[in-house]
Asks: 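Take a look at this one; I'll ask things after.
As the structure lists them, so they are numbered: ligands from 1, and atoms in each ligand from 1. Because the structure is predicted, anything quoted here is derived from the model rather than measured. What you see below is based on every heavy atom in this structure, not just the backbone, and it leaves out hydrogens, waters and symmetry mates.
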Amino acid sequence: MIIGVAKEIKNNENRVALTPAGTETLKKAGHTVLVEQSAGIGSGFSDESYVKAGAQIIADKKALFDKSEMIMKVKEPLAPEYDLFHEGQILFTYLHLAPEPELTQALLTKKVIGIAYETIERNHTLPLLTPMSEVAGRMAVQVGAHCLEKPFGGKGILLGGVPGVEPAQVVIVGGGVVGANAAKMAVGMGARVAVIDKSVERLTYLDDIFGGRVTTVMSNSYNIANWVKKADLLIGAVLLPGAKAPKLVTEEMVKTMEPGSVIVDVAIDQGGSVETIDRVTTHSDPTYVKYGVVHYSVANMPGAVARTSTLALTNATIEYALQIADKGWKEALRADAGLAKGLNVYYGKVTFKGVAEAHNLPLTTVEEVLA
Ligand SMILES: NC(=O)C1=CN([C@@H]2O[C@H](COP(=O)(O)OP(=O)(O)OC[C@H]3O[C@@H](n4cnc5c(N)ncnc54)[C@H](O)[C@@H]3O)[C@@H](O)[C@H]2O)C=CC1
Ligand SMILES: CC(=O)C(=O)O
């Protein structure tokens with residue numbers, strides 16, 4: 001198969017979908033890898049390192065898209081990229097279609113076969129979302145601590161406090177991969193930490209691994225309201241896979257937070273879990289203030305730590321890219337029911353329930369497509 005690796009164009013998106021090591025793996029399996037010129041630079045991979053691994057460097061983005069049977073990316077396509085796709089082309093990337101009606105329509109019009117990293121499943125986990133959720137969960141505490149500093153609009157408190165002065169209260173809504181990684185960092189920095197989740201099993205697990213360093217809280221609007229009020233740093237980390245994030249933190253709750261408190265809504269890529277998050281921000285202008293509270297809603301947080309993130313992402317994606325390239329997308333999806341869950345759009349049809357529901361479009365099931 002001819003696989004094209006496109007250079008990302010999103011604000012401060014420094015990741016690339018394939019490392020030179022991943023390139024070599026595909027090449028050794030007999031595939032052709034085309035890499036857009038300077039696609040790896042932001043992650044510290046030169047064009048020469050890709051050539052050494054067996055790739056061809058293509059300077060012209062359009063030529064790369066025209067020649068490739070499968071395009072590998074990190075982020076969802078942006079408007080300037082929509083026209084580059086052709087009918088029947090495989091797109092393997094994060095898609096997050098539920099909050100994106102225009103992108104969904106563009107992929108349907110172009111009759112692209114869109115396989116989304118974030119909805120692929122294995123043993124009840126999301127193996128291609130996990131590595132970036134680990135990164136974003138850890139970063140959420142790092143950026144939250146920064147935003148709590150006075151020069152960045154915060155109330156001027158140190159997450160861990162100091163002897164004789166109490167630490168900050170971190171409240172995490174959603175105790176999955178992002179939530180657990182955020183808790184790990186916040187505990188490590190000496191903050192008081194509460195994690196809210198709707199799953200008793202998950203809360204039990206968190207209680208076990210954090211051994212009393214984290215307060216676990218059952219998710220309901222009463223408890224969320226109580227804890228939001230107390231939060232110096234609130235982290236949004238819920239997910240209903242492939243669907244729009246539920247708005248669990250309401251405007252009224254945010255109004256009860258102290259001025260200079262901080263919200264980091266990691267779930268922004270699925271539309272956001274906090275009502276007062278009314279925009280997606282970028283790494284170059286990451287925050288805004290509403291009701292005196294600093295809001296951070298960057299949808300590509302791992303793009304800022306691109307070297308770590310690119311390595312972690314390729315570690316996870318390469319085996320799936322190889323399956324698709326070796327067997328062809330249809331056979332690969334037939335052979336792996338978890339990979340089949342990644343199919344979001346196919347030849348003008350929506351094939352993922354959460355996306356069909358979000359845009360009120362008819363659903364064609366993956367089973368129908370693969371029959
Ligand atoms: N902004 C960014 O750059 C990034 C964003 N993300 C996003 O972060 C979000 C979380 O991802 P993961 O932690 O990997 O998901 P996950 O599936 O591991 O965890 C989600 C958690 O939310 C919980 N949950 C669902 N409904 C809830 C409710 N009503 N109340 C309380 N908890 C509830 C689930 O029980 C689960 O434990 C996703 O939207 C993901 O796409 C991930 C990486 C980067
Ligand atoms: C998960 C995702 O959208 C990201 O890592 O940017």
Side-chain angles (χ1 to χ4, degrees), residues 8 10-17 73-77 93-100 103 116-121 124-140 142-144 171-184 194-206 216-224 227-228 235-250 263-274 277 280-283 286 296-306 308-310 312-313 316-317 354:
E8 297 300 319
K10 199 173 182 127
N11 182 295
N12 276 286
E13 184 47 79
N14 295 296
R15 287 171 290 178
V16 60
K73 273 179 57 56
V74 179
K75 291 309 285 182
E76 72 283 353
T93 190
Y94 288 118
L95 281 175
H96 302 295
L97 293 181
E100 291 284 352
L103 169 62
Y117 292 161
E118 74 275 8
T119 60
I120 291 172
E121 284 186 24
H124 307 292
T125 70
L126 304 168
L128 302 198
L129 183 60
T130 294
M132 295 306 98
S133 291
E134 289 167 344
V135 171
R138 290 169 188 221
M139 272 186 80
Q142 199 167 300
V143 299
V171 176
I172 302 166
V173 186
V177 179
V178 168
N181 279 275
K184 189 185 270 186
V195 181
I196 304 174
D197 203 285
K198 67 174 184 181
S199 156
V200 178
E201 289 76 20
R202 190 66 189 173
L203 293 177
T204 305
Y205 167 77
L206 294 171
T216 55
V217 181
M218 176 46 67
S219 179
N220 54 53
S221 55
Y222 184 90
N223 285 343
I224 294 173
W227 280 94
V228 167
I235 296 176
V238 289
L239 175 66
L240 304 173
K244 271 184 120 165
K247 300 276 182 205
L248 298 178
V249 178
T250 65
I263 297 176
V264 176
D265 197 359
V266 184
I268 186 65
D269 57 353
Q270 293 293 143
S273 59
V274 177
I277 296 273
V280 179
T281 60
T282 60
H283 285 293
Y296 175 104
S297 50
V298 175
N300 61 332
M301 294 172 68
V305 288
T308 304
S309 301
T310 289
L313 187 59
T317 54

Asks: Distance to 0.1 Å, residue and atom name: give those for the protein heavy atom nearest to atom 6 (N) of ligand 1.
Replies: D269 OD2, 3.3 Å

Asks: Please check if atom NZ in K184 has more than 12 non-hydrogen atoms from other residues, nucleotides or ligands closer than 6.0 Å.
Replies: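 Open.
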
Asks: Any atom of ligand 1 sitting under 4.0 Å from a heavy atom of A245?
Replies: no

Asks: Which pair of heavy atoms, one from L128 and one from Y94, lies closest together, and at what distance?
Replies: O-OH, 2.6 Å

Asks: Is there side-chain contact between P246 and V238, with at least one heavy-atom pair below 4.5 Å?
Replies: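 In contact.
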
Asks: Can V298 be said to touch ligand 1, with heavy atoms closer than 4.0 Å?
Replies: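 Per 4.0 Å heavy-atom rule, V298 contacts ligand 1.
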
Asks: Considering only heavy atoms of P302, which atoms of ligand 1 have at least one such atom less than 4.0 Å away?
Replies: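 Here the atoms of ligand 1 in question are 3 (O), 44 (C).
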
Asks: As an exercise, identify every atom of ligand 1 less than 4.0 angstrom from a heavy atom of H96.
Replies: 41 (O)

Asks: For E8 and K75, indicate whether the former's side chain and the latter's backbone hold a donor-acceptor pair under 3.5 Å.
Replies: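 Yes, because the side chain of E8 sits within donor-acceptor range (under 3.5 Å) of the backbone of K75.
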
Asks: Kindly say whether G272 contributes a backbone atom to a donor-acceptor pair with the side chain of K247 at under 3.5 angstrom?
Replies: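 Here the side-chain-to-backbone pair exists.
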
Asks: Could you tell me the residue and atom name of the protein heavy atom closest to atom 3 (O) of ligand 1, and the distance to it rounded to 0.1 Å?
Replies: M301 N, 2.8 Å

Asks: Tell me the nearest of G303, A98, G176, G271 to atom 16 (P) of ligand 1, using heavy-atom distances.
Replies: G176

Asks: I'd like to check which ligand 1 atoms, numbered from 1 as shown, lie under 4.0 Å from a non-hydrogen atom of M132.
Replies: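 Near M132, meaning under 4.0 Å from one of its heavy atoms, ligand 1 has 43 (C), 44 (C).
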
Asks: If the contact criterion is a heavy-atom separation under 4.0 Å, does M139 count as touching ligand 1?
Replies: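 M139: no contact with ligand 1 (<4.0 Å).
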
Asks: Main chain of I268, side chain of H96: is a donor-acceptor contact present, judged purely on distance under 3.5 Å?
Replies: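 Pair absent, no side-chain N/O of H96 close to backbone of I268.
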
Asks: Could you pull out the closest heavy-atom pair between I277 and Y296, with the gap in Å?
Replies: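 Scanning both residues, the minimum pair turns out to be CD1-O, 4.3 Å.
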
Asks: Side chain or backbone, does V173 bring an N or O within less than 3.5 Å of an N or O on ligand 1?
Replies: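 Looking only at distances, the answer is no, because the N/O contact criterion of under 3.5 Å is not met.
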
Asks: Using distance alone, determine whether K75 and ligand 2 share an N or O pair under 3.5 Å.
Replies: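 Among all N and O atoms of K75, at least one is under 3.5 Å from an N or O of ligand 2.
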
Asks: To check you understand the geometry: which heavy-atom pair defines the closest contact between V74 and V16, and what is its length?
Replies: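 Result for this residue pair: CG2-C, 3.5 Å.
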
Asks: Need the ligand 2 atom indices (1-based, order shown) with element for anything under 4.0 Å from a heavy-atom of M132.
Replies: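 Answer for ligand 2: 5 (O).
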
Asks: Check whether any N or O atom of S133, backbone or side chain, sits under 3.5 Å from an N or O atom of ligand 1, and answer yes or no.
Replies: yes

Asks: Run through V177, L126, V178 and flag the one making a side chain to side chain contact (heavy atoms under 4.5 Å, CB included) with L239.
Replies: L126

Asks: For E118, is the nearest heavy atom under 4.0 Å from an atom of ligand 1?
Replies: no

Asks: Locate the shortest heavy-atom distance separating G179 from I172; write the atom from each residue and the value.
Replies: CA-CG2, 3.6 Å

Asks: Could you list which atoms of ligand 1 come closer than 4.0 Å to a heavy atom of A299?
Replies: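 With A299 as reference, the close atoms of ligand 1 come out as 1 (N), 2 (C), 3 (O).
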
Asks: Can an N or O of H96 be found at a distance shorter than 3.5 Å from an N or O of ligand 2?
Replies: yes

Asks: Heavy atoms only: which of D197, I268, V238 is nearest to atom 34 (C) of ligand 1?
Replies: D197

Asks: Taking A304's backbone N and O only, do any of them form a donor-acceptor pair with N14's side chain (distance below 3.5 Å, no angle check)?
Replies: no

Asks: Out of E76, R15, E8, indicate the one that has the non-hydrogen atom closest to atom 5 (O) of ligand 2.
Replies: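 Looking at heavy atoms only, R15 sits closest to atom 5 (O) of ligand 2.
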
Asks: Can you tell me if P246 has a non-hydrogen atom under 4.0 Å from ligand 1?
Replies: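 Not so, P246 does not reach ligand 1.
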
Asks: Just by distance, no angles: are the side chains of D265 and S297 close enough, under 3.5 Å, to form a donor-acceptor pair?
Replies: no

Asks: Should you measure from each heavy atom of N300, which atoms of ligand 1 turn up under 4.0 Å away?
Replies: 3 (O)

Asks: Does any part of the side chain of P127, heavy atoms only, come nearer than 4.5 Å to the side chain of I120, both counted from C-beta?
Replies: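 They are in side-chain contact.
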
Asks: Show the nearest heavy-atom pair for residues A98 and G354, with the distance to one decimal.
Replies: CB-O, 4.3 Å

Asks: Around atom 28 (C) of ligand 1, find the nearest protein heavy atom and jot down its residue, atom name and distance.
Replies: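 Protein heavy atom with the smallest distance to atom 28 (C) of ligand 1: L248 CD1, 3.5 Å.
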
Asks: Who's the nearest protein heavy-atom neighbour of atom 13 (O) of ligand 1, and how far?
Replies: V178 N, 2.8 Å

Asks: Have a look at ligand 2 and work out which part of A299, if any, has a heavy atom under 4.0 Å from it: side chain, backbone, both or neither.
Replies: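 Only the backbone of A299 comes within reach of ligand 2.
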
Asks: Just let me know how L129 lines up against ligand 2, side chain, backbone, both or neither, with a heavy-atom cut-off below 4.0 Å.
Replies: side chain

Asks: So, the side chain of T310 versus the backbone of R15: is there a donor-acceptor pair under 3.5 Å, distance only?
Replies: no

Asks: For D269, take its heavy atoms, then give the atoms of ligand 2 lying under 4.0 Å from any of them.
Replies: 1 (C), 2 (C), 3 (O)

Asks: Roughly how far, to the nearest 0.5 Å, is NZ of K10 from OG1 of T282?
Replies: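 Rounded to the nearest 0.5 Å, the OG1-NZ separation comes out at 9.5 Å.
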
Asks: For atom 20 (C) of ligand 1, find the nearest protein heavy atom and state the residue, atom name and distance (0.1 Å precision).
Replies: L239 N, 3.5 Å

Asks: Provide, to 0.1 Å, the distance between atom 18 (O) of ligand 1 and the closest protein heavy atom, together with that atom's residue and name.
Replies: V177 N, 2.9 Å

Asks: Quick one: nearest non-hydrogen protein atom to atom 30 (N) of ligand 1, plus distance?
Replies: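 Looking at atom 30 (N) of ligand 1, the protein heavy atom closest to it is S219 OG, 2.7 Å.
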
Asks: Of the side chain and backbone of T130, name the one, both, or neither that has a heavy atom under 4.0 Å from an atom of ligand 1.
Replies: neither

Asks: Can you see which heavy atom on D197 is nearest to which on G175, and at what distance?
Replies: OD2-N, 2.6 Å

Asks: Which ligand 2 atoms, with their elements, are less than 4.0 angstrom from a heavy-atom of N300?
Replies: 6 (O)

Asks: If you measure every N/O of L129 against every N/O of ligand 1, is any gap under 3.5 Å?
Replies: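 No: no nitrogen or oxygen of L129 is under 3.5 Å from one in ligand 1.
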
Asks: Taking heavy atoms and a distance under 4.0 Å, where does M301 meet ligand 2: side chain, backbone, both or neither?
Replies: neither

Asks: Quick one: does E118 get within less than 4.0 Å of ligand 2, heavy atoms only?
Replies: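 E118: no contact with ligand 2 (<4.0 Å).
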
Asks: Would you say S309's side chain and P302's backbone share a donor-acceptor pair under 3.5 angstrom?
Replies: yes

Asks: Check each of V217, T250, I196 against I224 using the side chain to side chain contact (heavy atoms under 4.5 Å, CB included) test, and report the only one that passes.
Replies: I196

Asks: What is the closest protein heavy atom to atom 44 (C) of ligand 1, and at what distance does it sit?
Replies: A136 CB, 3.4 Å

